[in-house]
4 protein chains.
Amino acid sequence: MPQNRFSELDREMRSFVLTAHCVDRPGIVSALSTTIFNLGGDIQDLQQFGDTITGKYFNRIVFKAPANVSVDSAKGALAPVMERFDMDWTLRDQTQHSKVLILVSRFDHCLVDLLYRWRAGELAMDIAGIVSNYPRETYSNLMLGDLPFWHLPITKETKREQEQQLRGVIEETGTDLVVLARYMQVLSDELATDLYGRCINIHHSFLPGFKGAKPYHQAFDRGVKLIGATAHYVTGDLDEGPIIEQDVERVTHLDTPDGLVRKGRDIERRVLARAVRYHLDGRVLLNDKKTVVFPE
Amino acid sequence: MPQNRFSELDREMRSFVLTAHCVDRPGIVSALSTTIFNLGGDIQDLQQFGDTITGKYFNRIVFKAPANVSVDSAKGALAPVMERFDMDWTLRDQTQHSKVLILVSRFDHCLVDLLYRWRAGELAMDIAGIVSNYPRETYSNLMLGDLPFWHLPITKETKREQEQQLRGVIEETGTDLVVLARYMQVLSDELATDLYGRCINIHHSFLPGFKGAKPYHQAFDRGVKLIGATAHYVTGDLDEGPIIEQDVERVTHLDTPDGLVRKGRDIERRVLARAVRYHLDGRVLLNDKKTVVFPE
Amino acid sequence: MPQNRFSELDREMRSFVLTAHCVDRPGIVSALSTTIFNLGGDIQDLQQFGDTITGKYFNRIVFKAPANVSVDSAKGALAPVMERFDMDWTLRDQTQHSKVLILVSRFDHCLVDLLYRWRAGELAMDIAGIVSNYPRETYSNLMLGDLPFWHLPITKETKREQEQQLRGVIEETGTDLVVLARYMQVLSDELATDLYGRCINIHHSFLPGFKGAKPYHQAFDRGVKLIGATAHYVTGDLDEGPIIEQDVERVTHLDTPDGLVRKGRDIERRVLARAVRYHLDGRVLLNDKKTVVFPE
Amino acid sequence: MPQNRFSELDREMRSFVLTAHCVDRPGIVSALSTTIFNLGGDIQDLQQFGDTITGKYFNRIVFKAPANVSVDSAKGALAPVMERFDMDWTLRDQTQHSKVLILVSRFDHCLVDLLYRWRAGELAMDIAGIVSNYPRETYSNLMLGDLPFWHLPITKETKREQEQQLRGVIEETGTDLVVLARYMQVLSDELATDLYGRCINIHHSFLPGFKGAKPYHQAFDRGVKLIGATAHYVTGDLDEGPIIEQDVERVTHLDTPDGLVRKGRDIERRVLARAVRYHLDGRVLLNDKKTVVFPE
């Protein structure tokens, strides 16, 4: 197989991920791509979406630039264009990992899966740590190693206080993304609002079907022929946040509620892992109550 | 490939489909299979399901018997066993086709698909005819040939009267199964109740998500990542009938409402066709608000 | 729902589809998008792919321009950029339909499906006509209406001559795309070569598994748990052409060879329809022995 | 939800799994079910398959019997019927776990997944131990705990000797099932033959496509639109053993060979886990070069 043409060059290049959205109008691609070109940049990937209903424009551009172009100098070069189009935008060095805090409760399958993928290099993240309302021993079968762990038990009475502790952890660790990996606790409106767009939950049903508690039992009672799971950004409005990813599996009359739970674990872990991956790679942009997810 | 071992024999054998359900208790399979054996029968296929939650037993048995065993004589031989277990049961000659009445409205994709599959021999049915609230000319691109067609227009005011006409058609044609192939009209409670278990509807969403009108627009607004369709038995309780079959397809932010409608047409037609086929083959048994569907 | 922001404007705008590929190097997007902007154009959709292994660049751009910009004037404006990057490119008015010739044999399920989708407006094509080695009466259940039909029977002896007739039909109808909708005849190397990139075949297996004849019987004998179909561009090298689309369905030990054929019909028709649709929309670009398919 | 009707009774009942196959002829179900009934048994699940092409009959029956019925006494009661029909059969106490030996090499994703499912109670097995051609330290991120581990390095020269050691491990541990969880070594014909029907391999392609080495690279080169994995019983004929389970995922031109490998890991682990589970539950029966897999 021939060598990647960039392989030589790559050593001296820095890779950037740019995401942007604004009101759509002619000239955006031209302005952005020309600015990148003038910076000595080479566009590796460009995906865009013009929402013809809301009139909004979204894009994600991956480009390489000479290693002497820092994030700050690239931002400086792009700023005037961004201002001209009144863009909401982010730019980051692609090798820069996000810090992810994983919240978990009694069920550990999503945690196990995220840890495995992280170790296998599938997820561009550093783990800021793990928070659980169960003690560390609960996860003794997992190799948590020296990952920071906070045991933050919670009761109705201590909810407010516990969230304060959680906020403390998020702040002190410099967490970029909070993942509710079957955390089973509802965040307060205030915290959900403050984390908007950087907190992903996995709901164990194919939303909007079977909101609320015990969705597999609801699915069993209704006799559906497929069950699913949904990863979404958390909002104050429970199970109504913008959907990032969903998937389903076929079930039959033979599946007991326990069988649905078992099949569901598989769906949950792959749906959550995909959503986290897409988010980390800058592929997910918020479009009001929905998401734009640029495919990989 | 070796010849089917039954091919010789088959010419002189009659094939029966037996479905039965009752309260589960030991000895059912033994009693049924022994009766069939004593009848000179040979079981081709036997599927059963014991619902451990409701304590009900369901089965479907396909068996061959000498050609001189009529449906009536087989029924006579089976009756004592059925009585002993207080079974709800049906027996029919497998070559006997059901009479199916197809109700349709402006969208013809499900009708087109059912007609194609019927002509291709995929569906063990005779078409009793087609009922529409649109005139026959609406379907001039379809080869309706000499299939009976009733144009039964409907308005709020004439709904009761139109249903009387519909009942007349069902009766005079000896219809076994009514298929609402995107009929777009809600049956009255009375008619839904009278047709219970022999009237299948296709709903253009993955129930219980997006009940009611314009489900694809609801799905678009919610930003789901998969859309689906659901075939179910019709009940007075709209979109709540026992589900027979469901399927989904992946969608993205690129799909407009029109795009969802287009993708949906594909899902609807295959889901409805499967449900009708399963019903015609005696694979679907009602289990309270759910179904048992024995796989083919 | 808010109005499409372009709805007013759209009446006076013309929509273009531009596809291009060349050796990848910096500046392509900038040059193209700036040229389009200077033409008064507004990019609606831009998808690109840089193949890091072969070093080739591919894109598809949909843009709108004032109605007074003709295809020729747009081509004139773009030509210098295209020359600079040594691009292989096409530009067409998006409302301009391709002329499609459908070749069919005894099995009509793909033909039926293409005709239905064409009538439903799912495929941006005009049907140049239908060619079959069976007479028109074979398809009497289909509403061929006044579609041109050529009965071109074929035998080993007349193959060369029949292909000459076929070439004649392609030429006189100005056919843009030839679709082998279960045509069951192998094109000669010469014809396959001449039609390269504009002739799509549906193979009834999940290639590269089960090449050649009777793939469903091969699949049955091997005991696979999924069967599939493959749409690909035709090359002289049978069943080895660039793959455009594939799909599968689950099968079990219960499926007879006839059952596989039945399930296969469903897969074939949807895989072929998708491939044809992608081709017509300019989403498929050849990348040596593979394809780039920009998602819709 | 109502209680399981058997819950009271269950404490004093023993659950058996019976699998059997023979030449098909009338009376089998009657004879078996009557014998079970006379034993005081209650059939919980009965699935059967009559292969009309080979004329062979297969079934799997789960039944409960009073706790005083031992496996041996049940076998004694069933033996005469089994003899009469010349059946190949097995009977086991459903709570009796199989002993499974997992063979692994450098890639640990399947091992990780099997261990997780085992701990979660999804797999009715005891782990006899793990064999690898890599040292135990390779898996330090996994909680192997006190699971027996054999490091059996292998070279061309030591292959015969290493297999002798492997045979020793299988024997001394009383292994029922050997799982090649990406073991990457080809078993000798002799060992493959000796383990026939109790050794499962995961092949990282959708067989029969891409046999042999580096299947993901083969798939990349061919440009397929779906990749898959296949779990099969091992035979001397490499990649030709009876297929137990397969699955696929969609890929596009964007997927690099590394991307295929990553997606493939997900497919491999779920396909292998399903195959192992089906085997352990007695759902997989060999039918010459194919399998009968009774659905759960």
query: Any idea which of A:Gly50, A:Gly228, A:Gly241, A:Ala219 has the most non-hydrogen atom pairs under 4.5 angstrom with chain B?
result: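 Of A:Gly50, A:Gly228, A:Gly241, A:Ala219, A:Gly241 has the most heavy-atom pairs under 4.5 Å with chain B.
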message: Are more than 12 heavy atoms, taken from residues, nucleotides or ligands other than B:Lys263, located less than 6.0 Å from that residue's NZ atom?
response: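 Atom NZ in B:Lys263 is crowded, with more than 12 foreign heavy atoms closer than 6.0 Å.
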- prompt: Once you round to the nearest 0.5 Å, how far does OG1 of B:Thr252 lie from CZ of A:Phe294?
  reply: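 Reported to 0.5 Å precision, the distance equals 10.0 Å.
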task: Say whether, by atom type as modelled, one donor and one acceptor occur between the side chain of B:His253 and the main chain of A:Val293 under 3.5 angstrom.
output: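 Side chain of B:His253 to backbone of A:Val293, a donor-acceptor pair under 3.5 Å: yes, one is there.
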Any donor-acceptor N/O pair, A:Lys290 side chain to B:Phe220 backbone, under 3.5 Å: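 Confirmed, A:Lys290 side chain pairs with B:Phe220 backbone.
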query: Closest heavy-atom contact between B:Gly209 and A:Pro208?
result: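 Reported closest heavy-atom pair: CA-CG, 4.2 Å.
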- prompt: What are the two closest non-hydrogen atoms of A:Gly223 and B:Ile243, and how far apart are they?
  reply: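 Result for this residue pair: O-CB, 3.8 Å.
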Under 4.5 Å from any heavy atom of chain B - which part of [X]:
X: A:Gln218; answer: neither
X: A:Lys225; answer: both
X: A:Phe58; answer: neither
X: A:Thr291; answer: both

- request: Could you please state which residues from residues 244-251 of chain B sit under 4.5 angstrom from chain A, measuring non-hydrogen atom to non-hydrogen atom, sorted by number, or 'none'?
  value: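 Hits under 4.5 Å: B:Ile244, B:Glu245, B:Gln246, B:Asp247, B:Val248, B:Arg250.
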- prompt: Are any non-hydrogen side-chain atoms of A:Glu240 and B:Arg222 less than 4.5 angstrom apart?
  reply: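 SC-SC contact between A:Glu240 and B:Arg222 confirmed.
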